[in-house]
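Before any comments, here is the structure.
Residue numbers count from 1 along this sequence.
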Amino acid sequence: MSKRVLGNRILRITFLAVASFFMSAALVACNEEQAEVPQMQAPVAAPKTQPIVQVDQFKAPASSVISSEKAKLYAKTSAALVELGVRWSERIDKAPDNEKIQILNAYNVARDQLCARTGLAGIAEYNWITSVAMPDPKNKAVFEAAGVRTGN
């Protein structure tokens with residue numbers, strides 16, 4: 001799968017998540033104005049297929065140059081995040097409006113857990129690599145060796 005296709009999928013999934021969040025917030029606000037008696041909704045539990053792992057605190061390094069091992073972890077994590085996004089977007093689409101925000105919150109936890117399980121310090125490190133390390137021309141060869149095309 002090309003980096004462009006992967007990037008487009010990630011962008012679509014992110015857009016879907018953000019749009020769902022704002023749509024749900026607007027619907028909740030409208031429903032609150034119309035409701036005479038507030039109703040408590042049972043929280044949606046995240047699937048418990050695996051135990052929660054510790055997500056290390058990420059502190060951005062002084063240099064944006066990354067190792068080939070980090071680039072490989074990033075490539076593996078990117079593919080897994082796309083798959084995770086596809087699965088969760090289906091769940092969000094099918095959910096009642098009053099559950100969408102809870103599902104989005106669980107999705108954010110799932111992204112953090114996925115990144116930690118692949119060896120990164122949560123979604124924070126993944127985002128740092130995407131926005132800081134990937135655009136650095138010094139990392140172009142490292143990313144390409146890991147199978148990730150950069151825009152440099």
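Note that CG of Leu114 is 10.0 Å distant from CZ of Arg111, once rounded to the nearest 0.5 Å. Between the CD atom of Gln102 and the CD1 atom of Ile92 there is a distance of 12.0 Å, given to the nearest 0.5 Å. Interatomic distance, Glu99 CD to Asn105 CG, rounded to the nearest 0.5 Å: 13.0 Å.
Put simply, the side chain of Val55 does not reach to within 4.5 Å of the side chain of Ile123, judged on heavy atoms. No side-chain heavy atom of Ile129 sits less than 4.5 Å from a side-chain heavy atom of Leu73. In this structure the side chain of Met134 reaches within 4.5 angstrom of the side chain of Tyr74, judged on heavy atoms.
Across every non-hydrogen atom of Asp93 and Lys100, the tightest pair is O-NZ, 4.3 Å. The two residues Asp112 and Ala124 make their nearest non-hydrogen contact at OD1-N, 4.5 Å. Taking every heavy atom of both residues into account, Pro135 and Val132 meet most closely at CD-O, 3.4 Å. Residues Ser64 and Asn139 come closest through the heavy atom pair O-ND2, 2.8 Å. Taking each heavy atom of Ala133 and Phe143 in turn, the nearest pair found is O-CE1, 3.7 Å.
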Margin query: Let's go through Ser89 and Tyr107 carefully: what are the C-alpha distance in whole Å and the side-chain angles of both, what is the deciding distance for side chain to side chain contact (heavy atoms under 4.5 Å, CB included) to 0.1 Å, and is it a yes or a no?
Written below: CA-CA 9 Å; Ser89 66; Tyr107 171 63; over 6 Å; no
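Contacts of Ala60 classified as side chain to side chain contact (heavy atoms under 4.5 Å, CB included), with partners at least two apart in sequence or in another chain: Phe58, Trp128. Ser63 pairs by the side chain to side chain contact (heavy atoms under 4.5 Å, CB included) definition with Val65, not counting sequence neighbours. Applying the side-chain hydrogen bond (donor to acceptor under 3.5 Å, both in side chains) test to Lys70 and every residue at least two apart in sequence or in another chain returns Glu125. For Ser68, there are no side-chain hydrogen bond (donor to acceptor under 3.5 Å, both in side chains) partners at least two apart in sequence or on another chain.
Without hydrogens or angle criteria, Gln113 side chain to Val53 main chain gives a donor-acceptor distance under 3.5 Å.
Arg87 has a carboxylate O that lies under 4.0 Å from a charged side-chain N of Glu83, or vice versa, which qualifies the two as a salt bridge.
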